[in-house]
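As structure tokens, the structure follows; a few thoughts come after it.
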Amino acid sequence: MALTKLERRERIRKRIRKVVSGTNEVPRLSVFRSNTQISLQFVDDVAGKTLLSVSSLNKDIASVAGTKTEKAALVGKLAAEKALAAGINVVKFDRGGYLYHGRVKAVAEAAREGGLKF
């Protein structure tokens with residue numbers, strides 16, 4: 001029985017989530033990627049709360065012309081700035097079942113360059 005793309009991604013996502021869990025001190029950096037947008041959340045899984053979120057729908061990023069990968073890098077950089085301002089230095093990266101490639105990789109590398117430690 002062949003799996004659909006969504007079923008495959010869901011299996012990978014569950015496998016990742018068994019291992020990666022965020023706390024208030026070291027939150028989980030969760031990535032969601034749609035066909036046109038990308039969004040990040042800093043999640044405290046112990047309390048079940050989102051500490052911070054950034055998306056490519058942000059006015060600063062949405063107004064910039066460029067490819068989806070370039071916008072993803074801007075989202076990563078903005079996420080790092082906001083996280084450092086909120087006192088978050090170290091995170092656990094949750095790629096959400098997506099391959100570490102393209103936009104997901106651009107977000108991660110930009111966040112690292114912005115000062116976050118994975």
Honestly curious: do Tyr98 and Val19 fall in one hydrophobic cluster under the side-chain, below-4.5 Å linking rule?
no
Any chance you could measure Leu40, atom CG, to Thr50, atom OG1, to the nearest 0.5 Å?
12.0 Å
Taking everything shown except Lys92 itself, do over 12 heavy atoms lie less than 6.0 Å from its NZ?
yes
Under 3.5 Å, side chain of Ser55 to main-chain N/O of Asn58, donor-acceptor pair present?
no
Ala80 to Ala111 - nearest heavy-atom pair and separation
CB-O, 3.6 Å
Between the CG atom in Leu51 and the OG1 atom in Thr23, the distance rounded to the nearest 0.5 Å is 9.0 Å
Does any donor atom in the side chain of Ser30 or Gln41 lie under 3.5 Å from an acceptor atom in the other side chain?
no
Regarding Arg112 and Glu109, does a basic nitrogen lie under 4.0 Å from an acidic carboxylate oxygen?
no
Quick check: does any side chain N or O of Lys71 sit under 3.5 Å from a backbone N or O of Gln37, one acting as donor and the other as acceptor?
no
So, taking the atom named CD in Glu10 and the one named OG1 in Thr4, what distance separates them when rounded to the nearest 0.5 Å?
10.0 Å
Flag, side chain of Arg95 to backbone of His101, donor-acceptor distance under 3.5 Å:
no
A side-chain contact here means heavy atoms from C-beta on lying under 4.5 Å apart; do Leu116 and Asn89 qualify?
no
Same cluster for Leu29 and Leu99 if Ile/Leu/Val/Met/Phe/Trp/Tyr side chains link at under 4.5 Å?
no
CZ of Phe42 to CG of Leu52, rounded to nearest 0.5 Å, is 5.5 Å
Flag yes if more than 12 heavy atoms outside Lys77 fall under 6.0 Å of its NZ atom; otherwise flag no.
no
Heavy atoms of Val104 and Arg33 approach each other most closely as CG2-CD, 4.2 Å
Just jot down the side-chain contact (heavy atoms from CB on, under 4.5 Å) partners of Ala72, sequence neighbours excluded, or say none.
Ile38, Arg103, Ala106, Val107
Do Val75 and Tyr100 sit in one hydrophobic cluster, given that two such residues count as connected whenever their side-chain heavy atoms are within less than 4.5 Å of each other, even indirectly?
yes
If you group Ile, Leu, Val, Met, Phe, Trp and Tyr by side-chain heavy-atom gaps below 4.5 Å, do Ile16 and Leu3 land in one group?
no
Taking the side chain as C-beta and beyond, is there a heavy-atom pair between Asp44 and Pro27 under 4.5 Å?
no
Taking the side chain as every heavy atom from C-beta outward, state whether Val31 and Phe93 have any atom pair closer than 4.5 Å.
yes
ILVMFWY cluster, Ile88 and Val46 together (side-chain gap under 4.5 Å):
no
